[in-house]
Amino acid sequence: ATVGFLVDNSNSMRASRERVIAAAVAFAQHSHPQDEIFALTFNESVQDAWRPQRVSEMNPAMFASAMSSAIVARGMTAIYDGIIAGLERLSQARHTRQVLIVVSDGDDNASKATREATLKAVRDSDATVYTIALDDPLIRDGNPKLMRQLAHATGGESYRPRRIADMSD
């Protein structure tokens, strides 16, 4: 499979940063050697965190370092733009089985793309979307409903860990 990590890099993810990095590295280490993995981050803009690479060719320490450097947790949130960029990257994937793992609170306050256009792009893609909704119940700015919609539109799953410590599971 080709697996894309799409990680919210906005200020709302500051408390989750270290666990998100650890979970992404653990996921890559447990993937099939022929899987291809890439990572994008988003806040006001979408950035490459890790270019597509087969797991068998990856250095886990370099992947962890790249993720740590890329996830700075500041700024606003453009999740719709991030999802569309992730789907575009998957359209150029090496493998026909395509997965997008979205890690965010689901809130959007900076995208150029609309919610409707994003949901249409998700439904029209060949990707299966899995979401991990990391929301802070004290802030209540997240949108777990969007996260569920994204996953269910493609036959994927939506996870909402109660504690950040449950992220890796």
Side-chain angles (χ1 to χ4, degrees), residues 1-108 110-111 113 118 121-122 125-134 142 146-147 150-151 154 156-159 161 164 166-169:
T2 297
V3 179
F5 281 101
L6 181 61
V7 181
D8 189 335
N9 194 21
S10 69
N11 194 48
S12 65
M13 298 298 287
R14 185 175 307 277
S16 308
R17 181 181 177 277
E18 295 304 319
R19 294 278 185 182
V20 169
I21 294 166
V25 171
F27 181 89
Q29 288 176 317
H30 292 94
S31 294
H32 189 279
Q34 294 305 310
D35 286 350
E36 176 182 48
I37 291 180
F38 69 87
L40 300 174
T41 63
F42 63 92
N43 46 23
E44 293 95 359
S45 61
V46 181
Q47 302 291 323
D48 273 317
W50 185 259
R51 295 238 181 243
Q53 190 170 26
R54 287 185 191 202
V55 170
S56 63
E57 299 166 357
M58 286 175 69
N59 176 323
M62 288 180 68
F63 181 58
S65 177
M67 294 297 285
S68 184
S69 295
I71 302 173
V72 293
R74 66 173 171 241
M76 297 173 70
T77 311
I79 190 171
Y80 304 146
D81 293 348
I83 291 166
I84 289 174
L87 294 173
E88 287 173 0
R89 176 66 60 86
L90 281 172
S91 72
Q92 303 164 16
R94 179 177 292 164
H95 301 294
T96 55
R97 182 161 187 228
Q98 302 168 356
V99 175
L100 188 62
I101 299 172
V102 182
V103 182
S104 177
D105 60 9
D107 193 30
D108 189 298
S111 282
T118 303
V122 166
S125 76
D126 291 328
T128 303
V129 177
Y130 293 88
T131 63
I132 302 171
L134 300 177
L146 170 68
M147 301 292 275
L150 291 167
T154 65
E157 293 289 332
S158 181
Y159 301 96
I164 193 65
D166 298 334
M167 172 78 176
S168 292
D169 294 342

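Note that the coordinates shown come from a computational prediction; the quantities given were computed from them, not determined experimentally.
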| said: As a quick check of understanding, evaluate side-chain contact (heavy atoms from CB on, under 4.5 Å) for D107 and I79, giving each step before the final call. | reply: CA-CA 7 Å; D107 193 30; I79 190 171; over 6 Å; no
| said: Could you measure the distance from the CG atom of L134 to the OH atom of Y159? Nearest 0.5 Å is fine. | reply: 13.5 Å
| field | Test side chain to side chain contact (heavy atoms under 4.5 Å, CB included) applied to E18 - qualifying residues, sequence neighbours left out | value | none
| Say you draw a straight line from CE of M147 to CD1 of I132; how long is it, rounded to the nearest 0.5 Å? | 8.0 Å
| query | side-chain hydrogen bond (donor to acceptor under 3.5 Å, both in side chains) with T118: which residues, sequence neighbours excluded? | reply | none
| field | Gap separating the CG atom of L150 from the OH atom of Y130, nearest 0.5 angstrom | value | 14.0 Å
| query | How far apart are the C-alpha atoms of F42 and D8, what are their side-chain angles, what is the distance that settles it, and do they pass the side-chain contact (heavy atoms from CB on, under 4.5 Å) test? | reply | CA-CA 5 Å; F42 63 92; D8 189 335; 3.6 Å; yes
| Who passes side chain to side chain contact (heavy atoms under 4.5 Å, CB included) against A23, sequence neighbours left out? | M167, S168
| Of all heavy-atom pairs between A66 and A49, which one has the smallest distance, and what is that distance? | CB-O, 3.6 Å
| message | Taking salt bridge (charged side-chain N to carboxylate O under 4.0 Å, His left out) as the definition, give me every residue that meets it alongside R89, ordered by chain and number, with sequence neighbours left out. | response | D48
| request: Take D126 and T96 through the side-chain contact (heavy atoms from CB on, under 4.5 Å) test and state the conclusion after the steps. | output: CA-CA 8 Å; D126 291 328; T96 55; over 6 Å; no
| What heavy-atom pair brings P161 and A133 nearest, and what distance separates the two atoms? | CD-O, 3.6 Å
| remark: Applying side chain to side chain contact (heavy atoms under 4.5 Å, CB included) to Q53 and not counting sequence neighbours gives W50, E57, M58
| Any idea which heavy atoms bring A121 and I84 closest together, and the distance? | CB-CG1, 4.4 Å
| Just how far is it from atom CG of L146 to atom CD1 of I83, taken to the nearest 0.5 Å? | 6.0 Å
| Which side chain to side chain donor-acceptor pair (under 3.5 Å) pairs, counting each pair once, include a residue from residues 67-84, with sequence neighbours left out? | S10-T77, R17-S68
| query | Between the main-chain N or O of M76 and the side-chain N or O of E44, is there a donor-acceptor pair closer than 3.5 Å? | reply | yes
| Test side chain to side chain contact (heavy atoms under 4.5 Å, CB included) applied to A127 - qualifying residues, sequence neighbours left out | L87, L90, Q98, S125
| task | Work out which heavy atom in L100 is nearest to a heavy atom in G86; give both atom names and the distance. | result | CD1-CA, 4.2 Å
| Is M67 close to V7 at the side-chain level, that is, under 4.5 Å between some pair of heavy atoms? | yes
| query | Just wondering, are more than 12 heavy atoms of other shown residues or ligands nearer than 6.0 Å to CZ in R14? | reply | yes
| said: To check you understand the geometry: which heavy-atom pair defines the closest contact between S12 and D105, and what is its length? | reply: OG-OD2, 3.0 Å
Per-pair distances, 0.1 Å, donor-acceptor, side chain in residues 25-38, under 3.5 Å, sequence neighbours excluded:
unit_1	atom_1	unit_2	atom_2	d
H30	ND1	A26	O	2.7
S31	OG	F27	O	2.8
H32	ND1	Q34	N	3.0
Q34	OE1	R54	NH1	2.5
D35	OD1	A1	N	2.9
D35	OD2	H32	N	3.3
E36	OE1	T2	OG1	2.7
E36	OE1	R94	N	3.1

| message | According to side-chain hydrogen bond (donor to acceptor under 3.5 Å, both in side chains), who are the partners of S65, at least two apart in sequence or on a separate chain? | response | none
| remark: Residue set satisfying side-chain hydrogen bond (donor to acceptor under 3.5 Å, both in side chains) with S158, at least two apart, ordered chain then number -> T131
| query | If every non-hydrogen atom of T154 is compared with every non-hydrogen atom of V129, which pair is closest and at what distance? | reply | OG1-N, 2.8 Å
